[in-house]
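Indexing begins at 1, ligand by ligand and atom by atom, following the structure's order. Count residues from 1 along the sequence.
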Amino acid sequence: MCGIVGAISKNKNILPILITGLKNLEYRGYDSAGIAYLKNKKIKITKVAGKVTNLSSKLNKEDTSTVGIAHTRWATHGSANSINAHPHKVNHITIVHNGIIENFKELKEMLISLNYKFKSTTDTEVAAALLDFYYDKFKDINKTITEFMKNVKGSYAISMLIDNDLESIYVLKKESPLIIGTANNMNIIASDIRAILKYTNKYFILDDFEYAKISTDDITIYNKDQNIINKKLNIYQDKDDNTSKGNYKHYMLKEIMDQKDTILNTALPFIEKGIISILNMPDLTKYSKIDIVGCGTAYHAGLVAKYLFRELTNTKCDVYLASEYRYENNFLNKDVLTIFISQSGETADTIAALKLVKEKACPTLGIINVKNSTMTYLVDTCLYTKAGSEIAVASTKAYTAQVTLLALLVLSHGYRNKTISKSKTLQIIDEFNNINKLITPLLKQKERYIKIANSIYKEENIFYIGRGLDYAFSMEGALKLKEISYIHSEAYAAGELKHGTISLIKKNTPVLCSATNDKLNSKTISNLKEVIARGAKVYLITNNNYEDESFSIINIPKTSDFIKTILVIIPYQLIAYYTADLRGTDIDKPKNLAKSVTVE
Ligand code: F6R
């Protein structure tokens with residue numbers, strides 16, 4: 001959720017490097033920001049509430065430094081103000097921290113009894129005090145860090161400066177990501193590759209319970225037994241990854257438009273040579289059941305796959321929210337494949353659920369976007385979505401890439417278990433090859449979406465309804481709208497509305513609906529009539545030729561269910577985008593949200 005960057009150099013001024021790094025990480029957390037750097041042989045700390053620009057304008061423009069650590073925060077313990085912002089300095093120790101110290105209350109009480117005083121309400125200041133306590137006690141940094149690791153529960157990526165050793169940065173990690181990059185004349189640490197890519201693509205990944213001492217010309221990495229270890233130097237190579245906003249007003253709009261490339265890029269390895277390519281997908285026929293786990297939008301992609309597995313390949317499949325799954329009785333066995341879906345590959349609940357399945361030695365498959373992220377190392381098999389970097393907090397192109405991979409996984413399974421014939425498989429592969437012809441007209445109907453946005457943007461409650469797959473699309477559509485426009489929007493199974501929620505429908509309440517299933521459409525249309533009878537204004541996405549003046553209709557082309565899963569969401573994404581734009585919200589960085597949810 002938060003972002004860490006730190007740098008040390010013999011002769012470079014690292015302050016602009018830290019600020020640029022923080023700006024590149026700001027999509028992960030932006031409640032407050034702070035920096036600690038060496039100035040006249042002392043540590044100087046500046047912290048602000050709000051965004052990184054507030055921090056850079058507060059810095060003394062004359063200052064330069066060769067060692068520093070910086071942080072952008074998404075508040076967990078205590079509100080988002082400059083006191084709670086990181087870095088936190090306690091006596092000799094200055095730290096920035098990502099993660100949550102779960103036993104911070106007990107530790108704080110113990111430290112208070114030892115006369116430590118606290119200024120903030122954060123768990124991070126407690127971590128700084130504990131490190132200071134051990135450092136004072138052992139006078140040895142290795143012992144300090146390993147003792148800290150033994151006694152702290154929870155997750156942390158910590159970057160630390162020590163008053164007595166200001167020619168080094170120390171880092172330690174458990175469950176929150178941390179990398180150490182080597183650049184010309186500089187070593188640079190970060191919680192995310194994006195912070196350092198401008199300076200280097202060479203980096204070490206720290207694993208849980210490892211720590212490191214980083215100086216201008218050396219990186220020494222240790223395990224929890226204080227032994228020096230050799231780690232692989234990774235090289236990040238993703239030349240196609242374009243992270244610029246181009247001429248678009250927001251990253252979100254650019255990323256929605258990117259989908260004409262990202263969907264095909266994701267599909268290509270599994271379609272370009274017809275049946276041979278579809279067989280590049282892992283063989284699922286040996287499993288008795290498929291479970292799917294994810295959070296938010298990734299969970300919604302899982303819901304789509306559940307319908308496809310069950311309805312089209314007669315395969316048992318369930319979907320779980322990772323935050324629930326990890327505390328439930330999951331009836332795991334070795335015949336059940338669990339698929340983990342994640343854009344970031346760093347979501348704390350999804351990682352915890354994945355670890356749980358691994359502990360039971362049951363098979364796992366990841367559908368992940370960010371290369372080298374934590375989950376990619378934990379899953380048995382990883383299928384990469386090729387969405388490229390997704391900067392906007394609201395997920396769009398990662399979702400369609402997830403749905404694309406899942407649809408092709410289902411298709412390959414259906415072909416293998418003979419529930420989908422060879423000719424049908426070839427027909428669907430052909431549809432995937434032509435996906436751009438189907439998507440582009442939907443991406444181009446800007447005026448249409450703006451018109452709908454104009455008629456709903458002042459509302460405070462909006463409902464999304466659908467049946468079957470259309471219910472899954474409704475959930476994603478409603479999430480997109482609420483997270484960026486702050487309009488309360490809820491998705492309901494169309495048939496469920498009259499079991500309570502219909503009491504909220506009044507004159508002009510907007511109801512957005514998708515009806516794209518020939519078997520269920522007439523029932524969904526009846527549900528629409530019910531809300532229209534109560535005054536609702538209705539917007540319908542459909543692949544049927546309805547002519548009904550009581551609806552405003554967006555037509556999508558008639559395709560197989562596999563492609564439909566990609567098409568329906570595009571109008572929903574663009575309606576959400578233009579609605580939020582009319583409300584003037586911070587679309588790429590909605591309040592209270594973070595791109596990568598690395599705390600439970
Ligand atoms: C919504 C959104 C979130 C994420 C969720 C999981 O637009 O982006 O709901 O989908 O936090 O994140 P990942 O996919 O990184 O595990």
ask   = Do we see a donor-acceptor contact under 3.5 Å between the side chains of T565 and Y307?
value = no
query = Between K564 and T516, do the side chains contain an N or O donor and an N or O acceptor separated by less than 3.5 Å?
reply = yes
inquiry  = For a quick check under 3.5 Å, do T385 and Q402 share a side-chain donor-acceptor pair by atom type?
reply    = no
request  = Enumerate the protein residues lying less than 4.0 Å from ligand 1, judged by heavy-atom distances, in chain and residue-number order.
outcome  = C295, G296, T297, A298, S342, Q343, S344, T347, V393, A394, S395, L479, K480, E483, V597
note = The complete set of salt bridge (charged side-chain N to carboxylate O under 4.0 Å, His left out) pairs with one or both residues in residues 466-477, sequence neighbours excluded, reads E476-K480
key: Polar contact flag, side-chain donor to acceptor under 3.5 angstrom, T400-Q259   = yes
query = Quick one: are the ring centres of Y464 and Y572 less than 6.0 Å apart?
reply = yes
